[in-house]
Protein chains: 2
Amino acid sequence: MTDGLMTIREMCDSFNVTPRTLRFYEDRELISPERRGQHRLYNRSDRARLTLILRGKRFGFSLEQIRQILELYDPSERNYRQTQQALATARERLSDMERQYTELGAAIIELRAQILGAEAEIDAEEAVPPASPAQASGMTGDSR
Amino acid sequence: MTDGLMTIREMCDSFNVTPRTLRFYEDRELISPERRGQHRLYNRSDRARLTLILRGKRFGFSLEQIRQILELYDPSERNYRQTQQALATARERLSDMERQYTELGAAIIELRAQILGAEAEIDAEEAVPPASPAQASGMTGDSR
DNA sequence: GTCGTATCTTACGTTGACGTAAACTTCCCC
DNA sequence: GGGGAAGTTTACGTCAACGTAAGATACGAC
């Protein structure tokens with residue numbers, strides 16, 4: 001704890017995931033916690049990787065795509081060809097993300113407009129209620 | 001064709017999806033093409049919806065979430081309560097997207113930095129090629 | 001008519017990302 | 001030394017989002 005190592009339970013609590021999820025990510029080689037006896041222990045780097053994993057998921061990437069990006073962050077394999085490969089796929093992901101960023105900006109503007117439009121329609125309907133027998137909300141702005 | 005109606009095949013070709021996918025979206029009520037005989041015919045509005053569907057998928061939304069957003073774009077059901085419900089979920093999606101937009105911007109910057117870092121390392125290695133047959137100082141694992 | 005092709009429905013199969021249940025160690029506590 | 005708590009492996013189950021195969025239908029061409 002003081003040396004920055006966390007148990008699987010502490011990890012689950014602080015990242016809001018289940019043990020199953022962490023073991024699953026390990027099986028898919030997205031993370032490789034140290035073993036003390038038979039227990040897993042996660043260090044600072046493992047936590048950083050998990051943060052990236054969860055973020056990548058929010059962006060809609062698959063675990064496999066995320067794994068490839070993580071290779072770039074990983075100082076382990078100092079193999080030239082593999083690093084080049086990691087770089088290539090990372091550049092692809094980056095361009096995906098840049099495209100998505102632009103598109104997302106546009107989509108936000110569109111959705112905002114759509115919401116404003118729908119709100120306007122509702123306001124109009126409230127001003128002229130559609131023949132309902134009982135209407136309780138007092139939004140009748142009648143000023144003498 | 002001239003009246004803006006497209007067959008399922010034309011849709012598949014222009015949106016790069018399979019017939020199965022279109023029928024599946026229809027089954028989940030994300031789209032409802034007109035029927036001429038037993039064949040499906042997609043109009044301009046159907047195409048607009050499909051564009052939104054595919055975009056939503058790229059953002060990582062589920063088909064169900066997308067369906068709820070689409071209700072807002074749909075001028076069919078003019079039911080007050082349902083419109084309010086659609087508005088509520090649309091606002092949630094919007095705030096998701098705004099959060100994701102910010103986060104994505106940060107992630108792009110991070111990944112760019114990471115790529116630059118890896119490129120720098122490679123340049124350094126290229127400057128001092130490790131292909132010497134004599135033993136290196138460290139443990140580079142592979143010895144041949 | 002029948003042949004080809006385009007589409008349709010029905011239904012079981014697959015893949016990714018986990019959930020869940022069962023049965024086993026390990027360690028600590030009393 | 002028996003009990004619990006935390007963790008482990010193994011393996012089958014599940015859900016979303018389709019893939020894929022089988023057989024029926026419709027329509028124009030020949």
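Below, chains carry the letters A, B, ... as their sequence lines are ordered, and counting in each starts from 1. Not measured: the values here are computed from a predicted model.
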Quiz item: Is the number of heavy atoms from other residues, nucleotides or ligands within 6.0 Å of CZ (A:R44) greater than 12?
Solution: no
Quiz prompt | B:E29 atom CD, neighbour heavy-atom count above 12 within 6.0 Å | solution = no
Quiz item: Do A:E98 and B:R112 sit within salt-bridge range, that is, some charged N less than 4.0 Å from a carboxylate O?
Solution: yes
Exercise. Measure from OH on B:Y42 to P on C:dT7 and round the result to the nearest Å.
Key: 10 Å
Quiz item: Could A:R67 and A:E64 be called an ion pair, given the rule that one side-chain N must be under 4.0 Å from one carboxylate O?
Solution: yes
Quiz item: C:dT20 base to A:R20 side chain: any donor-acceptor pair below 3.5 Å?
Solution: yes
Quiz prompt | NZ/NE/NH1/NH2 to OD/OE distance under 4.0 Å, A:E34 and A:R40 | solution = no
Quiz item: Base, sugar-phosphate, or nothing for A:R9, non-hydrogen atoms under 4.0 angstrom?
Solution: sugar-phosphate
Exercise. May I ask you to decide whether B:E10 forms a salt bridge with B:R47, counting only side-chain N to carboxylate O separations under 4.0 Å?
Key: no
Quiz item: Just the endpoints, please: which first and last nucleotides of DNA chain D, 5' to 3', lie under 4.0 Å from a heavy atom of chain A?
Solution: D:dG7 to D:dA11
Quiz item: Just how far, in rounded Å, is P of C:dG16 from CG of A:D27?
Solution: 12 Å
Quiz item: Quick one: is A:K57 getting a side-chain N or O under 4.0 Å of the C:dG16 phosphate, OP1 or OP2?
Solution: no
Quiz prompt | Length of the CD-P vector between A:E26 and C:dA17, whole Å | solution = 17 Å
Quiz item: So, are B:D46 and B:R49 salt-bridged, with charged N and O less than 4.0 Å apart?
Solution: no
Quiz item: Got a sec? Which of residues 61-69 of chain A come in under 4.0 Å of DNA chain D, heavy atoms?
Solution: none
Practice problem: Could you state the atom-to-atom distance from CD of A:E29 to C1' of C:dG16 in whole Å? | Solution: 16 Å
Quiz item: Would A:Q114 and A:E110 satisfy side-chain hydrogen bond (donor to acceptor under 3.5 Å, both in side chains), going step by step from the backbone distance to the final call?
Solution: CA-CA 6 Å; A:Q114 203 61 227; A:E110 246 186 79; 6.0 Å; no
Practice problem: Decide, yes or no, whether a salt bridge links A:D27 with A:R23 under the criterion of side-chain N to carboxylate O below 4.0 Å. | Solution: no
Quiz item: Between A:T18 and A:H39, who's closer to the 5' end of DNA chain C by nearest nucleotide?
Solution: A:T18
Practice problem: Take atom CZ of A:R58 and atom C1' of C:dA17, then tell me their distance rounded to the nearest Å. | Solution: 16 Å
Practice problem: Determine, for B:E26 against B:R20, whether the closest basic-nitrogen to carboxylate-oxygen distance falls under 4.0 angstrom. | Solution: no
Practice problem: Rounded off to whole Å, could you give me the CZ-to-P distance for the B:R36 and C:dC8 pair? | Solution: 13 Å
Exercise. Looking at every strand, decide which applies to A:R35 at a 4.0 Å heavy-atom threshold: base, sugar-phosphate, or nothing.
Key: sugar-phosphate
Quiz item: Just checking A:R40: base, sugar-phosphate only, or nothing, at a heavy-atom cut-off of under 4.0 Å?
Solution: sugar-phosphate
Quiz item: Whole-Å distance between C:dT20 P and A:L22 CG?
Solution: 16 Å
Exercise. Indicate whether OP1 or OP2 belonging to C:dG19 is found under 4.0 Å from a side-chain N or O atom of A:T21.
Key: yes
Quiz item: In whole angstrom, what separates B:Q38's CD from C:dT5's P?
Solution: 18 Å
